J.: 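Input: one structure, supplied below.
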Amino acid sequence: MMTLLGPTSRAAALRTLTTGLAGLLLSAALPSPADAGAVRDDTPRIAVISAFAPEMTILKQELDEPSVRLVNGVEFTTGTLGGQSVLLFLSGISVVNAAMTVQLALDHFAIERIVFSGIAGGVDPELNIGDVVIADRWGQYLEMLFAREVDGGWATIPSFEYPYGNFGMMFPRAVTVLRAGADRPETRFWFPADEAMLARAARIAEEVALARCTAEEQCLSEPPRVFVGGSGVSGGAFIDNAAFRAWAFETFGARVLDMESAAVAHVAYANDVPFIAVRSLSDLAGAGEDANQLEVFLDLAANNAAQVVRALLRAIPE
């Protein structure tokens, strides 16, 4: 049975959203059970990562034999979930926090797969709040050149690559990544999700029961669904602008946008670790007729993402 967070959780949840990794950084002052450099867990595990505290709270409620370790002030919890040996931790909000904490985890734990989850803004007009998107690739769409305006147009830097069309002065760029075994740095825009885990996600997509109503009995107009495939984009901005949302959909074919998944995909690719991201829509990134619905459906979206993660863990072979 899925547990919905109570009405008092929203204020705390929103503070988490706006402060990002602040709580994790403050925990660095607490006594650590082991020196950070000495922590090394060689048990093969699936990293289950949330950007947002409410989802982690839900997942920890079902964790068997939990054990907590602190590394550089970040709390890592090991245990068993969905029949899998897992490592649970918060990435923190933003691309920098996500990349930093995931690489930290890879350096100290034997991670065989990465399952990342969180709330997100819906970009595809066919999707609704509460839906869950499991994209098959992720790109960092706010890696940009801000171009100089000349004669009513824009002057770009010739040596840069511009794989996609601009939004005014903003020209998306690819990124460069290093990985073991490569002869030279690679420039790419998209980072793939793991095909095997995508196939498992497709199998369970119709089986997962998603919440339609909040704990305060505010209900969605349509029952939420799980969508597997398509593109997702990430960047260091919270988007609540209809025109920018439309551009993201038309330019990248994006179904969803967030602030972490592409960074995690980048780190996973560099370390050759299978990756997948589960994102539930808490708002429509500026497309709704009324005010942004994040405050209304945040808990519902977080719960739906956690529900899909639990089902996916049960579907992955040990």
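Computed from a prediction, not measured in an experiment: that's the story for all the values here. Throughout, numbering of the chain's residues begins at 1 and tracks the sequence.
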J.: Can you tell me which residue among E207, E62, E55 is in a salt bridge (charged side-chain N to carboxylate O under 4.0 Å, His left out) with R310?
T.: E62
J.: Check for me, please, whether Y164 and F160 land in the same ILVMFWY cluster - side-chain distances under 4.5 Å, paths through other members count.
T.: yes
J.: When you measure from the centre of the six-membered ring of F76, is the NZ or CZ of R69 under 6.0 Å away and within 45° of the axis?
T.: no
J.: Roughly how far apart are E216 CD and L300 CG, rounded to 0.5 Å?
T.: 10.0 Å
J.: Does R200 reach the main-chain N or O of R314 with its side chain, forming a donor-acceptor pair under 3.5 Å?
T.: no
J.: Could you check whether any side-chain heavy atom of E112 comes within less than 4.5 Å of a side-chain heavy atom of V273, counting everything from C-beta outward?
T.: no
J.: Under a 4.5 Å cut-off applied to non-hydrogen side-chain atoms, are T43 and T78 in contact?
T.: no
J.: Just by distance, no angles: are the side chains of D107 and Q103 close enough, under 3.5 Å, to form a donor-acceptor pair?
T.: yes
J.: Does I46 form a side-chain contact (heavy atoms from CB on, under 4.5 Å) with Q84? I'd like the steps, not just the answer.
T.: CA-CA 7 Å; I46 298 176; Q84 305 285 356; 3.9 Å; yes
J.: Do R212 and P224 have side chains that approach each other closer than 4.5 Å (heavy atoms only, starting at C-beta)?
T.: yes
J.: Let me check something: do I49 and V96 share a hydrophobic cluster, defined by ILVMFWY side-chain heavy atoms less than 4.5 Å apart, either directly or through other members?
T.: no
J.: Quick one: which residue pairs count as a salt bridge (charged side-chain N to carboxylate O under 4.0 Å, His left out) with a foot in residues 260-274, not counting sequence neighbours?
T.: R179-D272, E260-R279
J.: Do the side chains of L59 and L63 get nearer than 4.5 Å, heavy atoms only?
T.: no
J.: One pair to check against side-chain contact (heavy atoms from CB on, under 4.5 Å): R173 and Y162. What are the steps and the verdict?
T.: CA-CA 5 Å; R173 299 177 52 211; Y162 307 100; 4.1 Å; yes
J.: Please walk me through it: do V308 and L210 pass side-chain contact (heavy atoms from CB on, under 4.5 Å)?
T.: CA-CA 8 Å; V308 174; L210 301 178; 3.9 Å; yes
J.: Between the main-chain N or O of A98 and the side-chain N or O of S91, is there a donor-acceptor pair closer than 3.5 Å?
T.: no
J.: Please find the pair of heavy atoms, one from P192 and one from F275, that lie closest to each other, and give the distance.
T.: O-CD2, 4.0 Å
J.: How long is the gap from CD1 on I114 to CE on M197, to the nearest 0.5 Å?
T.: 8.0 Å
J.: Is the shortest side-chain heavy-atom distance between N97 and S94 below 4.5 Å?
T.: yes
J.: Should the pair F167 and F244 be assigned to parallel (<30°), tilted (30 to 60°) or perpendicular (>60°) ring geometry?
T.: perpendicular
J.: Report yes or no: does R203 contribute a side-chain atom to a donor-acceptor pair with the main-chain N or O of L198 at less than 3.5 Å?
T.: no
J.: State, with a plain yes or no, whether a side-chain heavy atom of L145 is found less than 4.5 Å away from one of I157.
T.: yes
J.: At what distance, to the nearest 0.5 angstrom, does CH2 of W247 lie from CG of N166?
T.: 8.0 Å
J.: Run E161 and T187 through side-chain contact (heavy atoms from CB on, under 4.5 Å) and show every step you take.
T.: CA-CA 9 Å; E161 294 185 12; T187 300; 3.6 Å; yes
J.: Looking at N304 and A211, would you say the former's side chain and the latter's main chain have a donor-acceptor pair under 3.5 Å?
T.: yes
J.: Between I58 and K60, is any pair of side-chain heavy atoms under 4.5 Å apart?
T.: no
J.: Is there a donor-acceptor pair closer than 3.5 Å between any side-chain N or O of S50 and the backbone N or O of A53?
T.: no
J.: Any side-chain to backbone donor/acceptor pair from N241 onto A243? Under 3.5 Å, distance only.
T.: yes
J.: Would you find a donor on one side and an acceptor on the other, under 3.5 Å apart, between the side chain of R255 and the backbone of G229?
T.: yes
J.: Using the ring pair (Phe, Tyr, Trp, His ring centres under 6.0 Å) rule, take F171 and F146 through it: C-alpha gap first, then chi angles, then the decisive distance, then the call.
T.: CA-CA 6 Å; F171 287 75; F146 281 21; 9.7 Å; no
J.: Roughly how far, to the nearest 0.5 Å, is CG of L313 from OG1 of T80?
T.: 11.0 Å
J.: Honestly curious: do V95 and I276 fall in one hydrophobic cluster under the side-chain, below-4.5 Å linking rule?
T.: no
J.: Could you pull out the closest heavy-atom pair between P172 and Y141, with the gap in Å?
T.: CB-O, 4.2 Å
J.: Show which residues join V175 in its hydrophobic cluster (side-chain heavy-atom contacts under 4.5 Å, direct or indirect), or state none.
T.: V177, F191, Y269
J.: Could you tell me which non-hydrogen atom of A205 sits nearest to which non-hydrogen atom of V228, and how far apart they are?
T.: CB-CG2, 4.2 Å
J.: Return the CG to CD1 distance between D41 and I111, rounded to the nearest 0.5 Å.
T.: 9.5 Å
J.: As an exercise, state the distance from CZ of R225 to CD of E126, rounded to the nearest 0.5 Å.
T.: 8.5 Å
J.: Give the minimum heavy-atom separation between S280 and G130, together with the two atoms involved.
T.: OG-O, 3.6 Å
J.: So, for A147 and W154, which heavy atoms are closest and what is the spacing to 0.1 Å?
T.: O-CE3, 3.7 Å
J.: Side-chain contact test, heavy atoms from C-beta onward, threshold under 4.5 Å: evaluate it for L81 versus D64 and give yes or no.
T.: no
J.: Please check if V123 and W190 belong to a single hydrophobic cluster, counting links between Ile, Leu, Val, Met, Phe, Trp and Tyr side chain heavy atoms closer than 4.5 Å.
T.: yes
J.: State, to 0.1 Å, how close P185 and L178 come at their nearest heavy-atom pair, and which atoms those are.
T.: CG-CD2, 3.4 Å
J.: Enumerate the side chain to side chain donor-acceptor pair (under 3.5 Å) contacts for residues 131-140, please, sequence neighbours excluded, ordered by first and then second residue.
T.: R137-S231, Q140-H266
J.: Only one of L142, V264, D258, V256 passes side chain to side chain contact (heavy atoms under 4.5 Å, CB included) with S234; say which it is.
T.: D258
